[in-house]
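To keep things clear, I will list the structure first and then write my remarks on it.
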Amino acid sequence: MSARILSGRTVANALVDELRAEVERLPVAPRLVFVRASDDPASASYVRSKARLASKAGVRNETRHLPESVRQEELIAVVEELNADDDVDGILVQLPLHAHLDPEPVLTAVLPAKDVDGLHPVNVGRLWTDRPGPVPATPAGLLRICDHYEVPLEGKEVVIVGRSALVGKPAAALFLRRHATVTVAHSRTRDLKAHLRRADLIVAAAGRPGMIGPDAVAPGAVVLDVGQAPVDGVLRGDVDPAVADVAAALTPTPGGTGPMTVAMVVANTVAAARARRGDGGGPAR
Ligand code: GUN
C-alpha cells in the first residue's frame, strides 16, 4: 500500500487565493509586522517565506530585525510601539528567541487583537473555552488539511507527539473540539509505540527526524508530520518516509504542514484586520 499524499502546499495555495480575493474587497489592505530578534539564518528564511506569502495575498508586511543581543525591555518596547500603531493589524514575534530572552513577557506584550500567532494567554484561554479568536497557525493548518481531504475526526483516536505551546497543546484543543479522543505524548511518555499503534491519526511534532517508523503506525492511519529539521542538508520530518507503505495518508516533507502554517498566519492577519477595522469578519477559527 502506498499512502495518499496530503499536499499542504495545494491546500495552502487555494487558501492564499481565497485570502487575496478577500483582501481585495477590504477598503484597506491588512498590515503585518514580523519581529525577528535573531541572527539565525533559518529564522530569517522562515520569516521570508511568511512575508512572501503575505505579499502574494495582498497583505502589507515588513520585518523589524533586531540583533540577537537585544535587551528584553527593548524588544518589548518595539512590540508596544506596534501595539500603539493603529495601522498595524498583526504582530508576529518569530520564535525561538535567543536563550537570554524570556518569550513569555514578550508574547504577553502583544495586544491580543493583533496576536496573529494566537499565543497570548488571553487567546490561549479563548481557544480552550471555545470562544472565537486566533488559533496558532500550525495546528489550524492541520485542521484545514484534514477538512480539505475529508479526514473524519469525530470519535477517532488522535495521538499527538509533542506538547509545545505552538503545536501540541493547541492541536489537542482543536482535535477535542472536533470530538476526537486525544492523547498528548511527549518525551517522558512510557511506551510511545503502544500509543501510536492504536491511533487513527498521528500528529508528529517532536522535532526528532525520522523518529516514527512504519512499525509504530497502524495500517490505515492518517499521519500529519509537523517536524522539520535539516539532516545533511535535506529537510526531514519526524516521520520515516517508509511510513507511506503502512499509512492511509501522509503529509510530505517538504510541501506538507509547513506551507499550511505560513498560509494560516496570513489568514489570521486578514481576520485580525477585519475584526479590528470593524467590517464584519470575526477572527479565524
Ligand atoms: N517558529 C516556528 N514556528 C513558529 C510560529 O508558528 N510562530 C512563531 N512566532 N514562531 C515560530
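Along the sequence shown, residues are numbered consecutively beginning with 1. Numbering of ligands and ligand atoms starts at 1, following listing order. From a predicted model like this one, the values you see are computed outputs, not experimental measurements.
The side chain to side chain donor-acceptor pair (under 3.5 Å) contacts involving residues 140-152 comprise Asp147-Arg178, where partners must be two or more places apart or lie in separate chains. Pairs of residues two or more places apart, or lying in two chains, that qualify as side chain to side chain donor-acceptor pair (under 3.5 Å) and include a residue from residues 211-221 are Lys193-Asp215. Counting only residues at least two apart or on different chains, no side chain to side chain donor-acceptor pair (under 3.5 Å) pair has a member in residues 230-244.
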Any chance you could lay out the salt bridge (Lys or Arg N to Asp or Glu O under 4.0 Å) test for Arg274 and Asp89, step after step, and finish with the verdict?
CA-CA 9 Å; Arg274 293 185 62 179; Asp89 297 297; over 6 Å; no
Show me the short polar-atom pairs for ligand 1: any N or O of it lying under 3.5 Å from a protein N or O, with distances only.
residue	atom	partner	partner atom	Å
ligand 1	1 (N)	Gln94	NE2	3.3
ligand 1	1 (N)	Leu95	O	2.8
ligand 1	7 (N)	Asp117	OD1	3.0
ligand 1	7 (N)	Asp117	OD2	3.4
ligand 1	9 (N)	Val93	O	2.8
ligand 1	9 (N)	Asp117	OD2	2.5
ligand 1	10 (N)	Leu95	N	3.0

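Ion pairing between a basic and an acidic side chain is recognised when a charged N comes within 4.0 Å of a carboxylate O; Glu68 and Arg36 show no such pairing.
Considering all non-hydrogen atoms of both residues, Pro30 and Val23 come closest at CD-CG1, 3.8 Å.
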